[in-house]
Amino acid sequence: MMMMMHNGSRNLWKKMCLKPRILYLYSTNSLSTTLLNNSLRILGPDLPEIWIPNPSSPSRPPITHRSPFIFNHQEQTAAVIDGKMMADEIRSEIANEVSRMKNEIGKVPGLAVVLVGERKDSQIYVRKKIAACEEVGIMSLMTELPEDCTENEVLDAVSSYNVDPAVHGILVQLPLPQHMNEEKILNDVSLEKDVDGFHPVNMGNLAMTGRDPLFIPCTPKGCIELLLRSNVEIMGKKVVVIGRSNIAGLPTSLLLQRHHATVSVVHAFTKNPEKITREADIVISAAGVANLVRGHWLKPGAIVIDVGTNPVEDPDSESGYTLTGDVCYEEAIKVASAITPVPGGVGPMTIAMLLSNTLDSAKRAYRFT
(Lines give C-alpha, C1' and ligand atoms only; values in the text may rest on other atoms or scores of the structure.)
Protein backbone atom coordinates (compact mmCIF):
# COMPACT_ATOMS: atom_id res chain seq x y z
CA MET A 1 0.00 0.00 0.00
CA MET A 2 1.25 3.46 -0.87
CA MET A 3 2.48 5.45 2.17
CA MET A 4 3.25 9.13 2.64
CA MET A 5 3.93 11.83 5.28
CA HIS A 6 2.16 15.14 4.74
CA ASN A 7 3.64 18.36 6.16
CA GLY A 8 0.39 19.10 8.01
CA SER A 9 0.49 15.67 9.65
CA ARG A 10 4.15 16.12 10.57
CA ASN A 11 3.35 19.45 12.25
CA LEU A 12 0.41 17.85 14.05
CA TRP A 13 2.64 15.16 15.56
CA LYS A 14 5.12 17.85 16.55
CA LYS A 15 2.40 19.84 18.36
CA MET A 16 1.35 16.67 20.18
CA CYS A 17 4.97 16.14 21.31
CA LEU A 18 5.13 12.82 19.43
CA LYS A 19 7.68 11.62 16.93
CA PRO A 20 6.42 11.78 13.35
CA ARG A 21 5.36 8.38 12.03
CA ILE A 22 4.68 7.01 8.54
CA LEU A 23 0.94 7.30 7.93
CA TYR A 24 -1.10 5.23 5.49
CA LEU A 25 -2.67 7.19 2.70
CA TYR A 26 -5.78 8.99 3.96
CA SER A 27 -7.18 12.46 3.56
CA THR A 28 -4.77 14.44 5.78
CA ASN A 29 -7.44 16.99 6.72
CA SER A 30 -9.85 14.32 7.98
CA LEU A 31 -6.98 12.47 9.70
CA SER A 32 -5.87 15.60 11.56
CA THR A 33 -9.43 16.27 12.64
CA THR A 34 -9.88 12.66 13.79
CA LEU A 35 -6.67 12.70 15.80
CA LEU A 36 -7.48 16.00 17.48
CA ASN A 37 -11.06 15.00 18.28
CA ASN A 38 -9.91 11.68 19.71
CA SER A 39 -7.28 13.44 21.84
CA LEU A 40 -9.90 15.82 23.20
CA ARG A 41 -12.23 12.90 23.93
CA ILE A 42 -9.58 11.05 25.90
CA LEU A 43 -8.53 14.16 27.85
CA GLY A 44 -12.14 15.13 28.57
CA PRO A 45 -13.79 18.54 28.12
CA ASP A 46 -11.97 21.58 29.48
CA LEU A 47 -14.72 23.07 31.65
CA PRO A 48 -14.39 25.98 34.11
CA GLU A 49 -14.37 25.04 37.79
CA ILE A 50 -17.41 27.01 38.97
CA TRP A 51 -18.88 26.09 42.32
CA ILE A 52 -22.54 26.73 43.11
CA PRO A 53 -22.91 26.41 46.89
CA ASN A 54 -26.15 24.97 48.18
CA PRO A 55 -28.03 27.87 49.83
CA SER A 56 -29.80 25.52 52.22
CA SER A 57 -27.90 24.51 55.34
CA PRO A 58 -29.43 21.43 56.97
CA SER A 59 -28.68 20.97 60.63
CA ARG A 60 -25.57 18.92 61.29
CA PRO A 61 -25.90 15.30 62.40
CA PRO A 62 -25.64 14.51 66.11
CA ILE A 63 -22.11 14.00 67.39
CA THR A 64 -21.64 10.39 68.38
CA HIS A 65 -17.85 10.14 68.34
CA ARG A 66 -15.13 12.57 69.26
CA SER A 67 -11.49 12.39 68.27
CA PRO A 68 -8.85 12.39 71.02
CA PHE A 69 -7.57 15.54 69.27
CA ILE A 70 -10.32 17.45 71.05
CA PHE A 71 -9.06 19.40 74.02
CA ASN A 72 -12.40 20.69 75.29
CA HIS A 73 -14.78 17.76 75.42
CA GLN A 74 -17.55 19.57 77.28
CA GLU A 75 -17.91 22.33 74.73
CA GLN A 76 -17.02 19.97 71.88
CA THR A 77 -14.67 22.51 70.36
CA ALA A 78 -12.03 21.50 67.83
CA ALA A 79 -8.35 21.98 68.56
CA VAL A 80 -6.79 24.74 66.48
CA ILE A 81 -3.84 23.68 64.32
CA ASP A 82 -1.63 26.75 64.61
CA GLY A 83 0.06 27.14 61.23
CA LYS A 84 1.75 30.38 62.22
CA MET A 85 3.47 28.79 65.21
CA MET A 86 4.64 25.81 63.13
CA ALA A 87 5.82 28.11 60.33
CA ASP A 88 7.84 30.13 62.86
CA GLU A 89 9.52 26.92 64.03
CA ILE A 90 10.38 25.96 60.44
CA ARG A 91 11.71 29.45 59.68
CA SER A 92 13.96 29.19 62.72
CA GLU A 93 15.30 25.86 61.46
CA ILE A 94 15.89 27.36 57.99
CA ALA A 95 17.65 30.42 59.46
CA ASN A 96 20.03 28.14 61.35
CA GLU A 97 20.85 26.19 58.17
CA VAL A 98 21.37 29.37 56.13
CA SER A 99 23.69 30.69 58.83
CA ARG A 100 25.65 27.42 58.84
CA MET A 101 25.96 27.55 55.02
CA LYS A 102 27.21 31.12 55.14
CA ASN A 103 29.76 30.33 57.84
CA GLU A 104 31.09 27.16 56.19
CA ILE A 105 31.17 28.03 52.47
CA GLY A 106 30.44 31.77 52.37
CA LYS A 107 27.28 31.34 50.29
CA VAL A 108 23.58 31.94 50.94
CA PRO A 109 20.47 30.85 49.02
CA GLY A 110 18.93 33.33 46.59
CA LEU A 111 15.26 33.74 45.59
CA ALA A 112 14.20 35.86 42.59
CA VAL A 113 10.64 37.12 42.14
CA VAL A 114 9.08 38.39 38.92
CA LEU A 115 6.07 40.63 39.55
CA VAL A 116 3.98 41.88 36.63
CA GLY A 117 1.39 44.62 37.11
CA GLU A 118 0.13 46.42 40.20
CA ARG A 119 -2.41 44.06 41.74
CA LYS A 120 -2.56 44.91 45.42
CA ASP A 121 -2.98 41.29 46.52
CA SER A 122 0.05 40.19 44.47
CA GLN A 123 2.12 43.07 45.87
CA ILE A 124 1.15 42.07 49.42
CA TYR A 125 2.06 38.41 48.81
CA VAL A 126 5.41 39.37 47.29
CA ARG A 127 6.23 41.72 50.18
CA LYS A 128 5.52 38.92 52.65
CA LYS A 129 7.79 36.53 50.76
CA ILE A 130 10.64 39.04 50.56
CA ALA A 131 10.28 39.88 54.25
CA ALA A 132 10.38 36.16 55.06
CA CYS A 133 13.59 35.80 53.02
CA GLU A 134 15.24 38.65 54.92
CA GLU A 135 14.19 37.12 58.22
CA VAL A 136 16.00 33.82 57.55
CA GLY A 137 18.99 35.26 55.68
CA ILE A 138 17.99 34.30 52.11
CA MET A 139 19.00 36.85 49.48
CA SER A 140 16.01 38.16 47.52
CA LEU A 141 15.87 39.82 44.10
CA MET A 142 12.84 41.24 42.35
CA THR A 143 11.95 42.33 38.85
CA GLU A 144 8.85 44.52 38.61
CA LEU A 145 7.25 44.99 35.21
CA PRO A 146 4.24 47.09 34.17
CA GLU A 147 0.87 45.52 33.38
CA ASP A 148 1.24 46.30 29.67
CA CYS A 149 4.73 44.84 29.26
CA THR A 150 5.28 42.19 26.61
CA GLU A 151 5.51 38.47 27.21
CA ASN A 152 9.08 38.56 25.94
CA GLU A 153 10.06 41.03 28.68
CA VAL A 154 8.85 38.55 31.29
CA LEU A 155 10.66 35.69 29.55
CA ASP A 156 13.85 37.78 29.45
CA ALA A 157 13.62 38.37 33.20
CA VAL A 158 13.13 34.65 33.83
CA SER A 159 16.01 33.76 31.49
CA SER A 160 18.39 36.15 33.25
CA TYR A 161 17.62 34.50 36.59
CA ASN A 162 17.92 31.04 35.05
CA VAL A 163 21.62 31.66 34.31
CA ASP A 164 22.44 33.58 37.50
CA PRO A 165 24.40 31.21 39.79
CA ALA A 166 23.47 33.27 42.86
CA VAL A 167 19.76 32.59 42.26
CA HIS A 168 18.49 29.19 43.40
CA GLY A 169 14.77 29.77 43.21
CA ILE A 170 12.59 31.66 40.72
CA LEU A 171 9.04 32.68 41.53
CA VAL A 172 6.71 34.18 38.92
CA GLN A 173 3.89 35.76 40.90
CA LEU A 174 0.48 34.68 39.62
CA PRO A 175 -1.87 35.63 38.14
CA LEU A 176 -0.24 37.14 35.10
CA PRO A 177 -2.05 39.63 32.81
CA GLN A 178 -4.52 38.00 30.43
CA HIS A 179 -2.50 38.80 27.31
CA MET A 180 0.31 36.50 28.48
CA ASN A 181 0.73 32.75 28.07
CA GLU A 182 1.09 31.69 31.70
CA GLU A 183 1.98 28.10 30.85
CA LYS A 184 4.75 29.16 28.47
CA ILE A 185 6.30 31.49 31.04
CA LEU A 186 6.17 28.98 33.90
CA ASN A 187 7.66 26.27 31.69
CA ASP A 188 10.56 28.61 30.92
CA VAL A 189 11.65 28.58 34.58
CA SER A 190 14.68 26.31 34.99
CA LEU A 191 13.70 22.92 36.40
CA GLU A 192 16.52 23.22 38.96
CA LYS A 193 15.10 26.56 40.20
CA ASP A 194 11.38 25.75 40.07
CA VAL A 195 10.84 26.25 43.82
CA ASP A 196 7.07 26.56 43.24
CA GLY A 197 7.13 22.97 41.99
CA PHE A 198 4.88 23.69 38.99
CA HIS A 199 7.20 22.46 36.23
CA PRO A 200 5.61 19.52 34.35
CA VAL A 201 8.61 17.32 35.16
CA ASN A 202 8.26 18.03 38.88
CA MET A 203 4.51 17.38 38.77
CA GLY A 204 5.02 14.22 36.72
CA ASN A 205 7.61 12.83 39.12
CA LEU A 206 5.29 13.61 42.03
CA ALA A 207 2.60 11.51 40.35
CA MET A 208 4.82 8.49 39.64
CA THR A 209 5.72 5.84 42.20
CA GLY A 210 9.45 5.56 42.72
CA ARG A 211 10.18 9.03 41.29
CA ASP A 212 11.18 12.04 43.38
CA PRO A 213 10.42 15.59 42.24
CA LEU A 214 13.13 18.18 42.78
CA PHE A 215 10.51 20.36 44.47
CA ILE A 216 7.09 19.72 45.99
CA PRO A 217 4.55 22.53 45.42
CA CYS A 218 4.53 24.79 48.47
CA THR A 219 0.88 24.70 49.51
CA PRO A 220 0.51 20.87 49.40
CA LYS A 221 3.86 20.51 51.15
CA GLY A 222 2.61 22.89 53.84
CA CYS A 223 -0.60 20.88 54.28
CA ILE A 224 1.33 17.66 54.84
CA GLU A 225 3.71 19.39 57.25
CA LEU A 226 0.71 20.61 59.27
CA LEU A 227 -0.61 17.06 59.54
CA LEU A 228 2.75 15.47 60.34
CA ARG A 229 3.70 18.06 62.94
CA SER A 230 0.27 17.58 64.53
CA ASN A 231 0.97 13.82 64.78
CA VAL A 232 -1.97 13.03 62.52
CA GLU A 233 -1.85 9.54 61.03
CA ILE A 234 -2.31 9.66 57.26
CA MET A 235 -1.63 6.10 56.13
CA GLY A 236 -4.83 4.17 55.48
CA LYS A 237 -7.06 7.12 56.33
CA LYS A 238 -9.91 8.31 54.11
CA VAL A 239 -9.03 11.78 52.84
CA VAL A 240 -11.18 14.07 50.74
CA VAL A 241 -9.50 16.87 48.80
CA ILE A 242 -11.98 19.52 47.67
CA GLY A 243 -10.74 21.25 44.53
CA ARG A 244 -8.31 20.05 41.86
CA SER A 245 -6.24 23.06 40.79
CA ASN A 246 -2.67 22.56 39.58
CA ILE A 247 -1.46 24.76 42.44
CA ALA A 248 -3.18 23.08 45.38
CA GLY A 249 -5.81 20.37 44.93
CA LEU A 250 -4.14 18.14 42.35
CA PRO A 251 -0.63 18.00 43.87
CA THR A 252 -2.14 17.64 47.37
CA SER A 253 -4.05 14.53 46.26
CA LEU A 254 -0.88 13.10 44.68
CA LEU A 255 1.17 13.77 47.81
CA LEU A 256 -1.45 12.16 50.05
CA GLN A 257 -1.34 9.02 47.91
CA ARG A 258 2.40 8.86 48.52
CA HIS A 259 1.50 8.74 52.21
CA HIS A 260 -0.79 5.79 51.42
CA ALA A 261 -4.04 7.57 52.19
CA THR A 262 -7.25 6.56 50.43
CA VAL A 263 -7.94 9.76 48.51
CA SER A 264 -11.15 11.09 46.95
CA VAL A 265 -11.18 14.34 44.99
CA VAL A 266 -14.36 16.39 45.11
CA HIS A 267 -14.86 19.08 42.47
CA ALA A 268 -17.54 21.35 41.05
CA PHE A 269 -19.08 18.51 39.02
CA THR A 270 -19.13 15.94 41.83
CA LYS A 271 -22.58 14.63 42.70
CA ASN A 272 -23.42 14.67 46.43
CA PRO A 273 -20.15 16.28 47.57
CA GLU A 274 -21.50 16.57 51.13
CA LYS A 275 -22.03 12.82 51.36
CA ILE A 276 -18.55 12.00 50.04
CA THR A 277 -16.88 14.57 52.28
CA ARG A 278 -18.76 13.33 55.35
CA GLU A 279 -17.02 9.94 55.01
CA ALA A 280 -13.54 11.45 55.34
CA ASP A 281 -11.22 11.22 58.33
CA ILE A 282 -9.28 14.18 56.93
CA VAL A 283 -10.72 16.98 54.77
CA ILE A 284 -8.47 19.35 52.82
CA SER A 285 -10.43 22.09 51.09
CA ALA A 286 -8.83 24.11 48.28
CA ALA A 287 -11.86 25.14 46.23
CA GLY A 288 -11.53 28.90 46.68
CA VAL A 289 -15.17 29.40 47.69
CA ALA A 290 -15.93 31.10 50.99
CA ASN A 291 -17.87 28.95 53.49
CA LEU A 292 -18.48 26.20 50.94
CA VAL A 293 -17.94 23.41 53.47
CA ARG A 294 -20.57 23.54 56.20
CA GLY A 295 -20.67 21.71 59.48
CA HIS A 296 -23.00 19.00 58.16
CA TRP A 297 -20.40 18.13 55.48
CA LEU A 298 -18.03 16.84 58.16
CA LYS A 299 -17.84 13.56 59.99
CA PRO A 300 -17.67 14.05 63.77
CA GLY A 301 -14.01 14.00 64.76
CA ALA A 302 -12.68 14.78 61.27
CA ILE A 303 -9.48 16.80 60.85
CA VAL A 304 -9.90 19.84 58.61
CA ILE A 305 -7.17 21.67 56.67
CA ASP A 306 -8.59 24.85 55.11
CA VAL A 307 -6.48 26.10 52.19
CA GLY A 308 -8.97 28.77 51.11
CA THR A 309 -8.19 32.47 51.55
CA ASN A 310 -11.24 34.21 50.14
CA PRO A 311 -11.79 37.96 50.50
CA VAL A 312 -15.31 38.68 51.78
CA GLU A 313 -16.69 42.23 51.94
CA ASP A 314 -16.58 43.67 55.43
CA PRO A 315 -17.40 47.38 55.79
CA ASP A 316 -16.16 47.32 59.39
CA SER A 317 -12.68 46.20 58.30
CA GLU A 318 -9.99 48.77 57.53
CA SER A 319 -9.26 47.07 54.21
CA GLY A 320 -12.95 46.68 53.35
CA TYR A 321 -12.79 42.90 53.42
CA THR A 322 -11.86 39.98 55.64
CA LEU A 323 -10.18 36.74 54.64
CA THR A 324 -12.45 33.73 54.96
CA GLY A 325 -11.69 30.07 54.41
CA ASP A 326 -13.53 27.49 52.33
CA VAL A 327 -14.83 25.97 55.56
CA CYS A 328 -17.50 27.60 57.70
CA TYR A 329 -15.30 27.86 60.78
CA GLU A 330 -18.05 28.54 63.31
CA GLU A 331 -19.87 25.36 62.33
CA ALA A 332 -16.80 23.19 61.76
CA ILE A 333 -15.27 23.72 65.21
CA LYS A 334 -18.38 22.07 66.71
CA VAL A 335 -17.90 18.93 64.62
CA ALA A 336 -14.20 18.53 63.77
CA SER A 337 -11.51 17.34 66.15
CA ALA A 338 -8.92 19.76 64.74
CA ILE A 339 -8.97 22.58 62.20
CA THR A 340 -6.67 25.20 60.69
CA PRO A 341 -7.80 28.83 61.02
CA VAL A 342 -7.92 31.39 58.21
CA PRO A 343 -5.75 33.37 58.36
CA GLY A 344 -3.01 31.75 60.40
CA GLY A 345 -3.18 28.20 59.11
CA VAL A 346 -2.00 27.09 55.67
CA GLY A 347 -0.87 30.56 54.50
CA PRO A 348 2.18 30.94 56.77
CA MET A 349 3.16 27.34 56.07
CA THR A 350 3.08 27.94 52.31
CA ILE A 351 5.64 30.75 52.64
CA ALA A 352 7.76 28.61 54.98
CA MET A 353 7.77 25.83 52.37
CA LEU A 354 8.90 28.31 49.69
CA LEU A 355 11.88 29.17 51.90
CA SER A 356 12.51 25.47 52.51
CA ASN A 357 12.51 24.69 48.78
CA THR A 358 14.90 27.59 48.10
CA LEU A 359 17.29 26.33 50.79
CA ASP A 360 17.13 22.80 49.34
CA SER A 361 17.93 24.16 45.88
CA ALA A 362 20.96 26.06 47.18
CA LYS A 363 22.21 23.00 49.05
CA ARG A 364 21.92 20.98 45.84
CA ALA A 365 23.71 23.64 43.78
CA TYR A 366 26.59 23.97 46.25
CA ARG A 367 26.59 20.26 47.22
CA PHE A 368 26.23 21.37 50.80
CA THR A 369 25.09 18.85 53.37
Side-chain angles (χ1 to χ4, degrees), residues 11 14-17 46 98 101 106-206 213-219 221 245-248 250-251 350-351 353-367:
N11 291 335
K14 192 177 294 183
K15 288 181 181 178
M16 295 174 67
C17 301
D46 185 11
V98 171
M101 176 183 286
K107 303 285 186 180
V108 296
L111 176 67
V113 180
V114 178
L115 176 63
V116 183
E118 298 181 355
R119 283 179 58 117
K120 288 184 178 179
D121 56 346
S122 291
Q123 290 174 335
I124 290 170
Y125 296 148
V126 167
R127 280 202 300 268
K128 286 182 178 179
K129 291 165 184 175
I130 290 176
C133 284
E134 292 175 356
E135 181 185 319
V136 300
I138 291 176
M139 178 191 68
S140 61
L141 301 169
M142 183 166 69
T143 296
E144 294 185 78
L145 296 168
E147 179 86 15
D148 59 354
C149 72
T150 66
E151 189 175 284
N152 282 337
E153 288 179 278
V154 180
L155 290 170
D156 287 344
V158 170
S159 296
S160 68
Y161 289 136
N162 278 340
V163 298
D164 187 341
V167 172
H168 308 98
I170 301 172
L171 172 69
V172 178
Q173 183 63 40
L174 303 178
L176 291 168
Q178 291 186 349
H179 68 278
M180 294 186 181
N181 185 331
E182 187 174 287
E183 181 181 352
K184 178 181 178 182
I185 291 171
L186 292 179
N187 286 351
D188 201 54
V189 174
S190 168
L191 176 63
E192 291 77 15
K193 301 184 180 185
D194 172 40
V195 288
D196 258 339
F198 296 155
H199 194 285
V201 174
N202 275 323
M203 291 287 276
N205 284 336
L206 180 62
L214 287 177
F215 304 102
I216 298 170
C218 301
T219 297
K221 188 176 179 180
S245 71
N246 291 335
I247 296 173
L250 173 61
T350 298
I351 293 179
M353 295 303 100
L354 175 65
L355 302 177
S356 174
N357 282 353
T358 304
L359 173 61
D360 289 344
S361 180
K363 282 184 171 183
R364 196 156 38 232
Y366 296 133
R367 298 182 180 179

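These values consider heavy atoms only, across backbone and side chains, with no hydrogens, waters or symmetry-generated copies.
Tested against Leu214, the residues Asn205, Asp360, Asn202 include a single side chain to side chain contact (heavy atoms under 4.5 Å, CB included) partner, Asn202.
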The test is side-chain contact (heavy atoms from CB on, under 4.5 Å); show your working for Lys129 and Leu354 and say whether it passes.
CA-CA 8 Å; Lys129 291 165 184 175; Leu354 175 65; 3.9 Å; yes
side-chain contact (heavy atoms from CB on, under 4.5 Å) between Met101 and Leu359, intermediate numbers included:
CA-CA 10 Å; Met101 176 183 286; Leu359 173 61; 4.2 Å; yes
Could you go step by step and tell me if Leu355 and Ile138 meet the side-chain contact (heavy atoms from CB on, under 4.5 Å) rule?
CA-CA 8 Å; Leu355 302 177; Ile138 291 176; 4.1 Å; yes
side-chain contact (heavy atoms from CB on, under 4.5 Å) evaluation trace for Val126 with Met142:
CA-CA 9 Å; Val126 167; Met142 183 166 69; 3.3 Å; yes
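Looking at Val113 and Thr143, their side chains never come closer than 4.5 Å, going by heavy atoms from C-beta outward. At a threshold of 4.5 Å between non-hydrogen side-chain atoms, the residues Cys149 and Val154 count as touching. For the pair Ile247 and Pro217, the minimum side-chain heavy-atom distance is 4.5 Å or more. Looking only at side-chain heavy atoms (C-beta outward), Cys218 and Asn357 come within less than 4.5 Å of each other. Between Lys184 and Glu151 the shortest side-chain heavy-atom distance falls below 4.5 Å. Between Leu174 and Leu176, the closest side-chain pair of non-hydrogen atoms falls below 4.5 Å. You'll find the side chain of Ser356 reaches within 4.5 Å of the side chain of Lys221, heavy atoms only. Here the side chains of Lys128 and Ile351 are in contact, with some heavy-atom distance below 4.5 Å.
More than 12 non-hydrogen atoms from other residues, nucleotides or ligands lie less than 6.0 angstrom from NZ of Lys363. Atom CD of Glu147 is surrounded by more than 12 heavy atoms from other residues, nucleotides or ligands within 6.0 Å.
Checked by atom type and distance alone, the side chain of Ser160 pairs as donor or acceptor with a backbone atom of Ala157 at under 3.5 Å. With hydrogens and angles disregarded, a donor-acceptor distance shorter than 3.5 Å links the side chain of Glu153 to the backbone of Thr150.
Summarising the geometry, atom CG belonging to Leu145 is positioned 11.5 Å from atom CD belonging to Glu118; distances are rounded to the nearest 0.5 Å. Atoms CD1 and CE, on Ile185 and Met180 in that order, are 5.5 Å from each other to the nearest 0.5 Å. For the atom pair CG of Asp196 and CG of Asn246, the computed distance is 12.0 Å after rounding to the nearest 0.5 Å. Interatomic distance, Asp156 CG to Asp188 CG, rounded to the nearest 0.5 Å: 9.5 Å. A distance of 6.0 Å separates NZ of Lys193 from CG of Asp164, quoted to the nearest 0.5 Å. With rounding to the nearest 0.5 Å, the separation of CG in Leu171 from CG in Asp194 is 10.0 Å.
Tyr366 meets the ring-ring contact (aromatic ring centres under 6.0 Å, His included) test with His168; sequence neighbours excluded. With sequence neighbours excluded, the residues forming a side-chain contact (heavy atoms from CB on, under 4.5 Å) with Glu135 are Arg91, listed by chain and number.
Between Ile170 and Asn162 the shortest heavy-atom distance is CD1-OD1, 3.1 Å. The shortest heavy-atom contact between Met139 and Leu141 is CE-CD1, 4.2 Å. The two atoms that bring Gly110 and Thr358 nearest to each other are O-CG2, 3.7 Å, heavy atoms only. Considering every non-hydrogen atom in both Pro200 and Asn187, the closest pair reads CD-OD1, 3.3 Å.
The closest side-chain donor-acceptor pair between Tyr161 and Ser190, if any, does not fall under 3.5 angstrom.
The pair Arg364-Glu192 does not meet the salt-bridge criterion, since no charged nitrogen lies less than 4.0 angstrom from a carboxylate oxygen.
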